[in-house]
S.K.: 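Take a look at this one; I'll ask things after.
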Number of protein chains: 2
Amino acid sequence: MTSRPPRPRERGIPEATVARLPVYLRALQTLQDRGTATVSSEGLAGAAGVNSAKLRKDLSHLGSYGTRGVGYEVEYLIYQISRELGLTQDWSVAIVGIGNLGRALANYGGFGTRGFRIAALLDADPEVVGRTVASLNVRHIDSLEEVVRSKGVSIGVIATPGGSAQGVASRFVEAGVTSILNFAPVVLNVPDGVDVRKVDLSIELQILAFHAQRRADGDGHAHRSGLEVT
Amino acid sequence: MTSRPPRPRERGIPEATVARLPVYLRALQTLQDRGTATVSSEGLAGAAGVNSAKLRKDLSHLGSYGTRGVGYEVEYLIYQISRELGLTQDWSVAIVGIGNLGRALANYGGFGTRGFRIAALLDADPEVVGRTVASLNVRHIDSLEEVVRSKGVSIGVIATPGGSAQGVASRFVEAGVTSILNFAPVVLNVPDGVDVRKVDLSIELQILAFHAQRRADGDGHAHRSGLEVT
DNA sequence: ACGTGCTTGTGAAAGCACGCACAAAGTGGG
DNA sequence: CCCACTTTGTGCGTGCTTTCACAAGCACGT
Ligand SMILES: NC(=O)c1ccc[n+]([C@@H]2O[C@H](COP(=O)([O-])OP(=O)(O)OC[C@H]3O[C@@H](n4cnc5c(N)ncnc54)[C@H](O)[C@@H]3O)[C@@H](O)[C@H]2O)c1
Ligand SMILES: NC(=O)c1ccc[n+]([C@@H]2O[C@H](COP(=O)([O-])OP(=O)(O)OC[C@H]3O[C@@H](n4cnc5c(N)ncnc54)[C@H](O)[C@@H]3O)[C@@H](O)[C@H]2O)c1
């Protein structure tokens with residue numbers, strides 16, 4: 001089935017690995033900025049805050065890019081991870097809901113370090129539409145379909161209040177956007193084949209509160225093992 | 001050790017479950033706002049975007065709060081989950097770094113629906129210190145220790161640039177804060193017993209890009225199973 | 001009092017994820 | 001050319017997570 005000797009990478013990278021690749025990438029870029037040319041799994045794992053065996057196994061899913069006895073060449077590994085993550089191409093992002101959060105996102109410079117370009121901002125409020133935010137003209141939400149088409153938007157960011165989020169998501173999907181990042185605190189319903197990720201501040205706080213309470217409760221010797229030490 | 005017959009809940013809720021409890025809680029509150037008094041695992045699972053067996057197992061870790069043949073009483077379940085998450089007490093939050101993001105966070109009203117109170121805002125920039133944001137006076141970062149003590153801060157939020165994040169984290173820890181939410185794109189190093197969670201926009205985008213590329217790559221029949229359908 | 005119908009709570013199975021520990025593979029020195 | 005040393009890539013055991021499937025339990029009508 002698969003050719004044995006020249007197998008650079010197999011299909012199907014574990015989801016847990018995918019979620020860590022961006023972390024490795026950032027650690028590598030920091031190393032590169034410092035002029036480091038080569039790094040061992042131990043060194044990179046330290047910088048990324050993970051176990052070195054886990055890091056090696058993660059990287060092994062992309063291929064065999066290390067040199068035994070030496071380590072990994074920083075620049076080459078950056079390239080390989082970038083390619084795997086799809087960062088060698090450009091992604092057009094549209095943000096809907098230019099309120100407190102939307103504005104912060106729009107003004108956020110170091111967006112994805114590379115690859116992601118904010119192509120459009122949309123809102124429903126006549127007060128906001130027409131204003132310029134982060135050198136972009138805020139368009140009306142009614143032109144979403146047109147904007148997605150003309151700007152080739154492939155990733156939609158939702159920063160509207162919860163009540164509007166599902167509607168916006170549906171319109172994104174309708175317009176052909178299959179990657180959505182949702183900041184609104186609601187569960188989005190989308191058809192199969194559409195990828196939704198959510199960022200939820202209040203969930204994170206609640207998880208922190210749970211652990212904090214546990215520590216206070218049982219007190220004394222304290223905490224179960226689940227504490228992040230990142 | 002534990003009394004056997006009246007065992008309402010056992011110690012040790014799985015981490016995966018803890019991460020979902022806030023989602024259930026929100027779904028329940030939405031139901032309550034609509035006047036629903038009772039909900040089945042199927043119904044709640046639908047609203048929360050998870051499998052109903054998973055939901056039942058999750059809830060079973062808190063105790064046996066459902067009624068067979070009927071379902072769960074919404075109000076009671078809200079109370080039980082809130083209690084388990086530690087939301088029946090108040091948590092004081094301090095935000096460090098009142099820039100684009102910090103301001104958005106400070107102005108964010110529906111913070112944690114309940115339980116979380118923004119007690120202090122801190123920044124290093126003389127331009128920002130002294131200003132009023134969200135009816136709070138922005139304090140200088142040098143007073144962090146004093147503020148933590150006087151306001152009883154138990155959760156620290158870091159919204160500074162990456163370069164300052166580790167320093168701020170260390171000072172939080174030094175001041176006795178053991179729960180940290182980090183928005184800066186760096187790996188924080190903290191001692192055992194300190195709980196760090198991170199929210200990282202650019203990682204989320206990169207994960208979306210990976211899946212989007214996969215869909216475009218293999219094309220045709222498309223996508224592996226890992227797509228979120230939330 | 002009892003049967004019917006619905007829903008919970010949970011055993012058991014399957015699938016993932018993690019981390020140890022080590023063989024394999026490369027480097028560099030002699 | 002070979003040996004000592006370093007570091008990768010991975011087989012394997014372990015524990016956590018998810019899902020299925022069903023017995024047990026409860027409400028309600030008769
Ligand atoms: N501000 C934060 O720090 C923060 C933190 C966590 C989560 N959130 C969530 O992010 C979302 C946005 O928060 P915010 O503080 O920026 O709110 P906001 O009210 O400041 O901004 C919301 C914006 O969305 C626009 N909008 C409303 N309906 C729309 C529609 N149908 N189409 C297009 N635009 C529409 C509004 O005009 C407004 O400009 C909310 O769901 C909030 O719960 C915000
Ligand atoms: N803006 C966004 O949408 C966004 C999105 C994702 C991640 N982030 C991350 O969040 C962080 C903040 O982003 P931002 O856009 O608000 O940046 P920003 O530059 O607008 O604000 C940073 C603030 O931190 C303050 N600061 C710097 N060093 C400090 C220190 N040692 N102590 C206290 N305060 C200090 C600065 O004075 C400034 O007010 C960054 O790490 C950024 O990468 C931002």
Side-chain angles (χ1 to χ4, degrees), chain A residues 2 4-21 23-24 28 36-74 76-77 80-81 224-230, chain B residues 7-21 23-24 28 36-74 76-77 80-81 224-230:
Chain A
T2 27
R4 201 56 41 79
R7 163 154 66 65
R9 64 184 163 120
E10 188 78 77
R11 262 305 124 101
I13 296 179
E15 198 51 34
T17 295
V18 172
R20 281 187 295 266
L21 289 179
V23 179
Y24 302 155
L28 283 164
T36 312
T38 261
V39 67
S40 70
S41 64
E42 199 71 45
L44 182 52
V50 302
N51 177 300
S52 71
K54 180 151 69 179
L55 178 126
R56 286 196 299 276
K57 186 155 290 183
D58 282 343
L59 294 184
S60 78
H61 286 112
L62 317 191
S64 221
Y65 298 138
T67 306
R68 292 170 192 232
V70 177
Y72 301 89
E73 199 204 327
V74 173
Y76 185 55
L77 197 50
Q80 289 298 344
I81 295 181
R224 55 185 302 272
S225 64
L227 286 184
E228 324 279 279
V229 188
T230 313
Chain B
R7 161 152 68 68
R9 61 187 166 121
E10 188 78 77
R11 262 305 125 96
I13 296 180
E15 198 49 36
T17 295
V18 172
R20 281 187 296 266
L21 290 179
V23 179
Y24 303 154
L28 284 164
T36 313
T38 262
V39 67
S40 70
S41 64
E42 199 71 44
L44 183 53
V50 302
N51 178 302
S52 71
K54 180 151 68 180
L55 177 123
R56 286 196 299 276
K57 184 151 287 184
D58 282 345
L59 294 184
S60 79
H61 286 112
L62 316 193
S64 221
Y65 297 140
T67 306
R68 294 169 191 231
V70 177
Y72 302 88
E73 200 203 329
V74 172
Y76 185 53
L77 198 50
Q80 289 299 344
I81 296 181
R224 58 184 298 272
S225 64
L227 286 183
E228 323 279 281
V229 187
T230 313

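Chain identifiers are assigned alphabetically (A, B, ...) following the order of the sequence lines, protein sequences preceding nucleic acid strands; residue numbering begins at 1 within each chain. Computed from heavy atoms alone, side chains included, the values below leave out hydrogens, waters and symmetry copies.
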S.K.: Is Val50(A) close to Tyr24(A) at the side-chain level, that is, under 4.5 Å between some pair of heavy atoms?
M.R.: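 Sidechains of Val50(A) and Tyr24(A): in contact.
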S.K.: Atom CD1 of Ile13(A) and atom CG of Asp58(A): how far apart are they, to the nearest 0.5 Å?
M.R.: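 Here the interatomic distance stands at 9.5 Å.
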S.K.: Tell me: NE2 of His61(A) to P of dT8(D), nearest whole Å?
M.R.: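 From His61(A) NE2 to dT8(D) P: 17 Å.
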S.K.: Sugar-phosphate means primed atoms, P, OP1 and OP2; the rest is base. With that split, encode nucleotides 12-21 of chain D 5' to 3' as B, S or - using protein heavy atoms under 4.0 Å.
M.R.: B----SSBBB
S.K.: Could you measure the distance from the NZ atom of Lys54(A) to the OG atom of Ser41(A)? Nearest 0.5 Å is fine.
M.R.: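 Between atom NZ of Lys54(A) and atom OG of Ser41(A) there are 13.5 Å.
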S.K.: Between dG9(C) atom P and Glu42(B) atom CD, what is the distance in whole Å?
M.R.: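 Answer to the nearest Å: 14 Å.
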S.K.: Would you kindly give the CG-to-P distance between Leu55(B) and dT7(C), to the nearest whole Å?
M.R.: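 About 14 Å, once rounded to whole Å.
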S.K.: Assess whether side-chain contact (heavy atoms from CB on, under 4.5 Å) is satisfied between Leu62(A) and Leu21(A), documenting all intermediate values.
M.R.: CA-CA 10 Å; Leu62(A) 317 191; Leu21(A) 289 179; 4.1 Å; yes
S.K.: Round to the nearest Å and state the distance from Tyr24(B) atom OH to dT8(C) atom P.
M.R.: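 That distance rounds to 13 Å.
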S.K.: Distance check, rounded to the nearest 0.5 Å: Arg20(A) atom CZ versus Lys57(A) atom NZ?
M.R.: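 If we round to the nearest 0.5 Å, Arg20(A):CZ and Lys57(A):NZ are 11.0 Å apart.
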S.K.: So, is Tyr72(A) close to the dG9(D) phosphate, meaning a side-chain N or O under 4.0 Å from OP1 or OP2?
M.R.: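 So the side chain of Tyr72(A) is within the cut-off, an N or O lying under 4.0 Å from OP1 or OP2 of dG9(D).
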S.K.: Does Ser41(A) make a side-chain N or O approach to OP1 or OP2 of dT8(D) shorter than 4.0 Å?
M.R.: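 For dT8(D), OP1/OP2 do have a side-chain N/O of Ser41(A) under 4.0 Å.
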S.K.: Could you check whether any side-chain heavy atom of Val74(B) comes within less than 4.5 Å of a side-chain heavy atom of Leu44(B), counting everything from C-beta outward?
M.R.: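 Sidechains of Leu44(B) and Val74(B): no contact.
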S.K.: Name the atoms and distances for all side-chain donor-acceptor pairs under 3.5 Å in residues 66-73 of chain A, with sequence neighbours left out.
M.R.:
none

S.K.: Which letter, B, S or -, goes with each nucleotide of nucleotides 25-30 of chain D from 5' to 3', with contact meaning a protein heavy atom under 4.0 Å?
M.R.: BBS---
